[in-house]
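Note on naming: letters A, B, ... go to the chains in the order of the sequence lines (proteins, then strands), and numbering restarts at 1 for each one.
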There are 2 protein chains.
Amino acid sequence: MNEIEKFLEDKKVRPTAMRILIYKFLAQKEVAVALTDIENAFAKADRTTLYRTLKTFEENGIVHQIDDGTGISKYALCEKDCNCEIEQDLHLHFHCSNCNETVCLTEHKIPHINLPEGYVAEDVNLVVKGICEKCSN
Amino acid sequence: MNEIEKFLEDKKVRPTAMRILIYKFLAQKEVAVALTDIENAFAKADRTTLYRTLKTFEENGIVHQIDDGTGISKYALCEKDCNCEIEQDLHLHFHCSNCNETVCLTEHKIPHINLPEGYVAEDVNLVVKGICEKCSN
DNA sequence: ATTAAAAATGCACTTTCGTTGCATTTGATA
DNA sequence: TATCAAATGCAACGAAAGTGCATTTTTAAT
Ligand SMILES: [Mn+2]
Ligand SMILES: [Mn+2]
Ligand SMILES: [Zn+2]
Ligand SMILES: [Zn+2]
């Protein structure tokens, strides 16, 4: 059994052929991907399967969903020891208005936010929109 | 000519009956509103008119659109001397997962974000999700 | 190996929200 | 009062997310 299969099983996800392919696809991309991107990459597979694969990955801590403000959900692999927890794992996302790509800035954790009395934070989303490094040259 | 009409004209928006009503509705609400909310409040008006009114208000700096992560656009009146500019006007938004309401925390400006070399910020969206003050009692 | 159960996949469809084209109405201006 | 531009209303469309159910594949037990 290879490494990816082992990884998926550790995450309690059955390593089907499709899931392994999608995992490899995500691992190879350095930007966040939309369902459509995966759909285009695997024309043979049904959209629903890809959709549910992403949901399964998300529920089991393999990917995190990214709301970059475009209205289209993006997904990216989680870091090695990520639990998607506020104050620890959550990082900034950057969406380039030129190339339309969204990237995880995993080194840039979201700062602690002070809230008014009575408010309880459970999740934070911080997205910066602008021109990315590739497009600003 | 009353105060609201004057205000709209200052913003280069012709103060029609519908627009005045929608402005009053927004001014009276202390939470961000969705198109559907306005639709329900003004059953007689067409959804398209309400939609375009919000767009007009947004283009002329009367309201700002809020992406709270629910996938449904919300709108709220801008502050007195707001230009919706990064580093000055942009504030934190809070979405309550219990009552599903979204509020502007206008006193909580978005902190300056350090980006990697080459990245240029043009806009920032910071949304905290959790339990609001009303729901946490 | 054979079979039964569970899980994954594929297909068709629905829903929701945002958006647009165009005809009609309203309102400002001359 | 006539004219023109802007606002409104109606009827669609389109993208994306999501669901129900039949079929296939995989796992596990016999
Ligand atoms: Mn990320
Ligand atoms: Mn706001
Ligand atoms: Zn770019
Ligand atoms: Zn609440």
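- Put simply, the side chain of B:H93 never gets that close to the backbone of B:V128: no donor and acceptor are under 3.5 Å apart.
- Nearest heavy atom pair, residue A:A41 against residue A:F25, reads CB-CE1, 3.5 Å.
- Dashed line: the shortest gap from a side-chain N or O of B:T49 to OP1 or OP2 of D:dG9 is under 4.0 Å.
- In this structure, A:E59 atom CD and D:dG18 atom C1' are separated by 13 Å, rounded to whole Å.
- A salt bridge links B:K55 with B:E58: the distance from a Lys NZ or Arg NE/NH1/NH2 to an Asp or Glu carboxylate oxygen falls below 4.0 Å.
- Atom pair B:L8:CG and D:dA7:P shows a separation of 12 Å (rounding to whole Å applied).
- Spacing between atom CG of B:D46 and atom P of C:dT25 amounts to 14 Å, rounded to whole angstrom units.
- Atoms CD1 (A:I22) and P (C:dG10) sit 9 Å apart, rounded to a whole Å.
- Taking the side chain of B:R14 as heavy atoms from C-beta on, and the options C:dA7, C:dC17, C:dG27, the nearest nucleotide is C:dG27.
- Taking only side-chain nitrogens and oxygens, A:Y51 never comes nearer than 4.0 Å to OP1 or OP2 of D:dA17.
- A donor-acceptor contact under 3.5 Å is not formed by the side chain of B:R52 with the base of C:dG18.
- Under the 6.0 Å cut-off for aromatic ring centres, A:H64 and A:H91 qualify, their centroids lying closer than that.
- One interatomic measurement links the two molecules: CD of B:E39 to P of D:dT8, which rounds to 15 Å at whole-angstrom precision.
- Rounded to a whole Å, the CZ atom of B:R19 is 13 Å from the C1' atom of C:dA28.
- A sub-4.0 Å separation between OP1 or OP2 of C:dA8 and a side-chain N or O of A:T16 is absent.
- At a threshold of 4.0 Å, the pair B:K134-B:E101 counts as salt-bridged, since one of the basic side-chain nitrogens sits closer than that to a carboxylate oxygen.
- If you check every strand for non-hydrogen atoms under 4.0 Å, A:S73 touches sugar and phosphate atoms only.
- Atom CZ of A:R47 is separated from atom P of D:dA15 by 12 Å (rounded to the nearest Å).
- Of the side-chain N and O atoms in B:K55, one or more sit less than 4.0 angstrom from OP1 or OP2 of C:dT19.
- Toward the 5' end of DNA chain D, the nearer of the two residues A:T48 and A:T36, judged by each one's closest nucleotide, is A:T36.
- A straight line from CD of A:E9 to C1' of D:dT27 spans 11 Å, rounded to a whole angstrom.
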